[in-house]
Amino acid sequence: MTSTAPGLLVPAVDEDGAPFWDYAARGELRIQACADCGRLRFPPRPCCPYCRSFASEWRPVSGRGRIWSFVIAHPPLPPAYQERAPYPVLLVELAEDPGIRLVGDLAAESQQGPGHGQGQGHGQGGAPASGGPGGGRRRRPAQRAPEPRIGAPVRVVFEQPPVPDCPPLPRWALI
Amino acid sequence: MLDGFKDRTAIVGIGQTRFGGHPPGRPPEHPVESGKELACRAVLAALEDAGIDPGEVDALASYTLEETDEVELAAALGLGDLTWFSRTGYGGGGSCATVAQLAAAIAAGQATVGVAWRSRRRGPRGRPWQAPGAAAEPRPGPAQPRQGGERQPVAAQWTRPFGLLRPADEVAMLTRRYLHEYGATRDHLFNVALACRNRANQNPAAIMYERPLTREMYMDARWISEPLCLYDNCLDTDGALACVVVGAERARDCPRRPVLVHAATQSLPPLHHGMVDYWCEDPLASPGWTAAHTLWKNADLTPEEIDCAQMADAFTPQVLFTLEAYGFCGRGEGGAFTEGGALELGGRLPVNTGGGGLSEGYLHGFNHITEAVRQLRGDSTAQVPGASSALVTAGECVPTSALILRAGEGGRR
């Protein structure tokens, strides 16, 4: 397995987003909500666009949702991504509020069909050393990972990418 | 509301350098000039076209991603005392805003001769995300430098770690949902690519001059970001363009027929998030919808009265979004609108008659402005007979801008 860690992008966390990643490090998916009007908002920001309150809280959500859309990325891509291409990227609408949509990749456990086991056990914390976005290219096309489709139900899975100092990323498993 | 603006200013000169790019199957071509030299040449060409001495220029406008700054341009060309200058943001969304802001400044009496320009010379390193090491180190902070110093929106941390890296990926996400929701097809996207290519085949200045596109080529092309293939993407281009804006009275005495700035707008809808506009209430209602509302409200024209349109086409689906946003068809009908040659010369709405970003060259949409001027002067290489009005739109899916231009009276030729 090729180590692709050096080329992977990690979140460039800002002040508003920091709590999201802190909760992610604990394996929790939380979304910012207005502490006054109660509406969820994403991405996080200091003021509620609906009631202009500066009071907010981080509300746990179920981690269930549906695929709103997805792409399959092909080259040309940066090297660490190019060697995994083609790979899917999903946009998931949350069960609690379909207006809250999260970009994410397909979780490794969505990719464990027949013959998809190579590479498991590499990386940290069960990270898909040969997987990551979309799985390894040698799996295609005969052992292609499950296809995403619009409307498909998914659940969140936190996975630690093989990158130092990167928070676990929320990924999505097909259910 | 816009009595102090409507038709008060005009574009009286345009200029451009030759374009270089990456034609399929051929090695990359680059103009030999530096980005600064390209800018200087385009601005001088536009001023010569306008019959105006560089020493008279007192206003400049360009994009925030422009690398040649006002100081360099003014010093190199011996411009006059600048009394006004501005930059417009959000990549290709800023194209029409450059002219809009110059026109507003001149109409308000803050300047008399304005030049808008865009120059681009990428050098051998290509796009930032292609460069070795560009992705290797995460950059601190919420905003990351993008091409030309453009800063990324705060959304980067919510998209890029998951492999959604390129503008093509960002727009492909909206495109798949659009195709799903409205039943539009890849053939509709092909219709857009074909119309642009057909016009470029008529334009000797276009990168795709004499390079026809067929449906077979399109359908067999490699994917970039499914559902977008190679031909759904604009041409990365080096080169420069410029135009000169003056008051309408002075415009009558310039050598070329004036092209009046009839209406203009910028647009940043609520909860908008740049090209990853996934978090507003209705991601398929692009910023063009907001722009169009203001534009038509302030214009004497309706969509039915527009003779040709130069539409943002960094990616083919943006043309479908724009057709709907600006009211040329109903919502969800953009794909069907393209059928039967509607976008071709002689069709219901000829678009991107110079070849557009898809086939003339992609300089963040500035060539849409210059092509609209050529149409309204009557000297396009794909002339719409008697064209007297044109819509120009800037980048879709980002905070955008738009112009309605009209053929004016006067000019010695």
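Naming: A, B, ... by sequence-line order, numbering from 1 per chain. Scope of the values below: all heavy atoms of this structure, side chains included, with no hydrogens, waters or symmetry mates.
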Participant: Considering residues at least two apart in sequence or located in another chain, which fulfil the ring pair (Phe, Tyr, Trp, His ring centres under 6.0 Å) criterion with B:W279?
Facilitator: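 By the ring pair (Phe, Tyr, Trp, His ring centres under 6.0 Å) rule, B:W279 matches A:F42, B:H273.
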
Participant: Give the intermediate values and the outcome of side-chain contact (heavy atoms from CB on, under 4.5 Å) for residues A:Y50 and B:L271.
Facilitator: CA-CA 10 Å; A:Y50 308 104; B:L271 302 182; 3.7 Å; yes

Participant: Distance-only, no hydrogens or angles: does the B:R166 side chain make a donor-acceptor pair with backbone N or O of A:P76 under 3.5 Å?
Facilitator: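 Here the side-chain-to-backbone pair exists.
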
Participant: Are B:R176 and A:F70 in a cation-pi setup, meaning NZ or CZ lies under 6.0 angstrom from the ring centre and within 45 degrees of the ring axis?
Facilitator: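 Ring-cation test returns yes.
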
Participant: Between B:I224 and A:H74, is a side-chain contact (heavy atoms from CB on, under 4.5 Å) present by the stated rule, with each step listed?
Facilitator: CA-CA 5 Å; B:I224 299 298; A:H74 293 254; 5.8 Å; no

Participant: What's the shortest heavy-atom distance between A:D14 and B:Q157, and which atoms?
Facilitator: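 Minimum heavy-atom contact is OD1-NE2, 2.6 Å.
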
Participant: Say whether, by atom type as modelled, one donor and one acceptor occur between the side chain of A:S69 and the main chain of B:L174 under 3.5 angstrom.
Facilitator: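 Not a single qualifying donor-acceptor pair exists.
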
Participant: Counting only heavy atoms not in B:H180 (residues, nucleotides, ligands), do more than 12 fall under 6.0 Å from its NE2?
Facilitator: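 For B:H180, atom NE2 is crowded (more than 12 foreign heavy atoms under 6.0 Å).
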
Participant: Go through it in stages, so that I can follow the logic: the residues are B:L165 and A:L9, the test is side-chain contact (heavy atoms from CB on, under 4.5 Å), and I'd like the CA-CA distance, side-chain angles, deciding distance and then a yes or no.
Facilitator: CA-CA 9 Å; B:L165 303 178; A:L9 294 175; 3.4 Å; yes

Participant: When heavy-atom pairs shorter than 4.5 Å are enumerated against chain B, which of A:P170, A:G151, A:G99 gives the highest number?
Facilitator: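 Result: the option with the highest number of such pairs is A:P170.
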
Participant: Is the backbone of A:L102 close enough, under 3.5 Å, to the side chain of B:Y278 for a donor and an acceptor to pair up by distance?
Facilitator: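 No, B:Y278 side chain to A:L102 backbone: no donor-acceptor pair under 3.5 Å.
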
Participant: Could you list the residues that satisfy salt bridge (charged side-chain N to carboxylate O under 4.0 Å, His left out) with B:E396, not counting sequence neighbours?
Facilitator: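 With sequence neighbours excluded, B:E396 shows a salt bridge (charged side-chain N to carboxylate O under 4.0 Å, His left out) to no residue whatsoever.
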
Participant: Closest approach of B:D169 and A:V71, non-hydrogen atoms and distance?
Facilitator: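 Taking every non-hydrogen atom into account, O-CG1, 3.6 Å.
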
Participant: Taking A:W68's backbone N and O only, do any of them form a donor-acceptor pair with B:R177's side chain (distance below 3.5 Å, no angle check)?
Facilitator: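 Yes; at least one donor-acceptor contact below 3.5 Å.
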
Participant: What heavy-atom pair brings A:A73 and B:S225 nearest, and what distance separates the two atoms?
Facilitator: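 Minimum heavy-atom separation between A:A73 and B:S225: CA-OG, 4.2 Å.
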
Participant: What closest approach, in Å, do B:W158 and A:P44 show between heavy atoms, and which atom pair accounts for it?
Facilitator: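 Scanning both residues completely, I find the closest heavy atoms to be CZ2-CD, 3.5 Å.
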
Participant: Locate the shortest heavy-atom distance separating A:R101 from B:E281; write the atom from each residue and the value.
Facilitator: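 Scanning both residues, the minimum pair turns out to be NH2-O, 3.8 Å.
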
Participant: Go through the steps to decide whether B:F162 and A:L169 satisfy the test side-chain contact (heavy atoms from CB on, under 4.5 Å), and finish with yes or no.
Facilitator: CA-CA 8 Å; B:F162 306 100; A:L169 297 179; 3.9 Å; yes

Participant: Let me know if A:P98 has heavy atoms under 4.5 Å from chain B in its side chain, its backbone, both or neither.
Facilitator: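 No part of A:P98 comes within 4.5 Å of chain B.
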
Participant: With a cut-off of 6.0 Å (strictly less than), are more than 12 heavy atoms of other residues, nucleotides or ligands near CZ of B:R215?
Facilitator: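 Not more than 12 within 6.0 Å, no.
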
Participant: With a 4.5 angstrom heavy-atom cut-off, could you sort out which part of A:P49 is near chain B: side chain, backbone, both or neither?
Facilitator: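 A:P49 touches chain B through side-chain heavy atoms alone.
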
Participant: Can you tell me which portion of B:L228 sits under 4.5 Å from chain A's heavy atoms? Options are side chain, backbone, both or neither.
Facilitator: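 Interface part for B:L228: neither.
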
